[in-house]
Amino acid sequence: MTAASPASPAMSWRPVLARGVVLRHDRVRGTDLLLLPERVVVLDGSAGGVLRLCDGVRDVAAVVTELAVRHPAAPVAAEVPEFLNRLRKEGWLR
Amino acid sequence: MTAPPAPPTPPHPPGPPWALLAELTHACPLRCGYCSNPVELVSRSGELSTEQWSEVFRQAGALGVVHTHLSGGEPLLRRDLPDLVAAADGAGLYTQLVTSGVGLGERRLAELNGAGLRSVQLSVQHADRVTAERIAGARSFTAKERAARLIREAGLPLGVNAVLHRGNLDDLDGLIRLALDWGADRIELANTQYHGWAARNRAGLLPTPAQVERARARVARWRERLGGTLELVWVAPDLVDATAKPCMGGWGAVSLTVAPDGTVLPCPAAGTLPGLDPPNVTHRELAWIWRESRAFNAFRGESWMPEPCRGCALRTVDHGGCRCQAYALTGDATRTDPACRHAPDHPLVEALVQGAADCADPPAYVYRGGVR
Ligand code: SF4
Ligand code: SF4
């Protein structure tokens, strides 16, 4: 996978959770969850942190920049746009 | 008739439950022939109060429940429904209203939306108005059309739920087109489960194997055509398929049901099982009920299983099938679900399915009276 360039459409949309999708922390299980009408998605370690930045104001490039500051060693530029795109295809982000 | 065995000690403490089915009331303006609610309904005066339901949601959230279906009967008949939605939402639960659509006006929906309602599941009986109302035993089609429109206008996710049986399996295309017209995100095509009132109408509801085969082929074609724009969920007809269903994802494994009077059950149909002695939220904490009660441990795990389940590779998939069906058909809840082709009692189911195939003129539905 190659990182999308900052000007590409993959970087310029402003992700936000779709209507009816709720992101919450599950204190009982110690994990982040996405709650949907008939489904619960258990998010792995960092995914919840990425989605919390998806406020419909930041574009993908801004989300990536923010995460890169927080986690300088992580391959965010390579992985985050792809991850967000996957969730958009599922209909969980718009 | 046999009582369930002494509660086996579960191999390990159960994980927390994910979901709560809150049956807020048994009262309902519809009288569907396939209704799986019990024959004996809880009266309006026997229902939990607003405060008691709020406490149920609070305890459920603390126990690990993240999702609740606010169901019935018709939950809109609870005048305090917006308060109940707010209480469930406040307890961290994702709220889905499961409704017939009757009584869902613009103001009501706005109140529910404001209280934190997240999505709505709307039942539909048939795409043809007259047939739909015959199945539902009540005028309801116009109300459903309006409800669907309002739900979409409010921007809430809309799921359409159709219980399938002899009288509508051939209308599968119509049902899917209706869901598309109504702007649904999802349609659940759930073959009838013969519990509660539905068991009385089994002869009128049980489809022929040929009907099921045609419907299944149509679902496959629609899936291809729609490619995910409308989510299609097919809940298989266990009797016709001769395959046990993974009832509730396992007994006391994923979810709990609270009946209108506060009775807590591992499965909505389990109230009929003799000797289960189901606990009630007005006497016990939900956490105790989930972890310790005899009812929730009766068929948890695998130690209760008879042969052939005990040695069967599928036992981790279907959990030995439905306990309530085993009881309904054999009088013994501990037997392998007769729906399963390997079950010693499967000939009972074969005879029922053969009976449906041979019957050219199924009996009319028996409708129930109202709830007081
Ligand atoms: S199945 Fe029909 S009659 Fe039974 S509760 Fe649901 S809408 Fe009411
Ligand atoms: S024998 Fe039991 S476990 Fe095996 S498929 Fe049948 S019901 Fe399921």
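Note that these values count all heavy atoms, side chains included, but never hydrogens, waters or copies made by symmetry. Letters A, B, ... are given to chains in the order of the sequence lines, protein chains preceding strands, and every chain is numbered from 1.
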### Message
With chain B as the partner, which of A:Val21, A:Val22, A:Asp26 has the greatest number of non-hydrogen pairs under 4.5 Å?
### Response
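Ranked by heavy-atom pairs under 4.5 Å with chain B, first place is A:Val22.
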### Message
Report, in residue-number order, which members of residues 245-257 of chain B are under 4.5 Å from chain A by heavy-atom distance.
### Response
none
### Message
Give the interface residues of residues 111-122 of chain B toward chain A, defined by a heavy-atom separation under 4.5 Å.
### Response
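The residues closer than 4.5 Å to chain A, in numerical order, are B:Asn113, B:Arg118, B:Ser119, B:Gln121.
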### Considering all heavy atoms, the nearest A:Arg19-B:Gly155 contact
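Looking at all heavy atoms of both residues, the shortest contact is CG-O, 2.8 Å.
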#### Entry: Shortest non-hydrogen contact from A:Val28 toward B:Pro16
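The pair with the smallest heavy-atom distance is CG1-CG, 3.9 Å.
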### Query
What part of B:Ala62 is in contact with chain A, defined as an atom under 4.5 angstrom from a non-hydrogen atom: side chain, backbone, both or neither?
backbone
### Query
Does the B:Tyr94 side chain pair with the main chain of A:Gly20, one donor and one acceptor, at a distance under 3.5 Å?
yes
### Under 3.5 Å donor-acceptor, B:His67 side chain and A:Leu36 backbone
yes
### Message
Quick check: do A:Leu33 and B:Val66 have side-chain heavy atoms less than 4.5 Å from each other?
### Response
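Yes, their side chains come closer than 4.5 Å.
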### Min side-chain heavy-atom separation B:Trp18-A:Arg29 under 4.5 Å
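Yes. Closest side-chain heavy atoms under 4.5 Å.
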### Message
I'd like to know whether CD of B:Glu106 has more than 12 heavy-atom contacts from other residues, nucleotides or ligands below 6.0 angstrom.
### Response
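No - once you tally the heavy atoms of other residues, nucleotides and ligands closer than 6.0 Å, there are 12 at most.
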### Query
So does A:Arg24 have more than 12 non-hydrogen atoms from other groups sitting under 6.0 Å from CZ?
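Yes, the 6.0 Å shell around CZ holds more than 12 heavy atoms from other groups.
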#### Entry: Value rounded to 0.5 Å, distance of CZ in B:Arg186 from CZ in A:Arg39
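The CZ atom of A:Arg39 is 7.5 Å from CZ of B:Arg186, to the nearest 0.5 Å.
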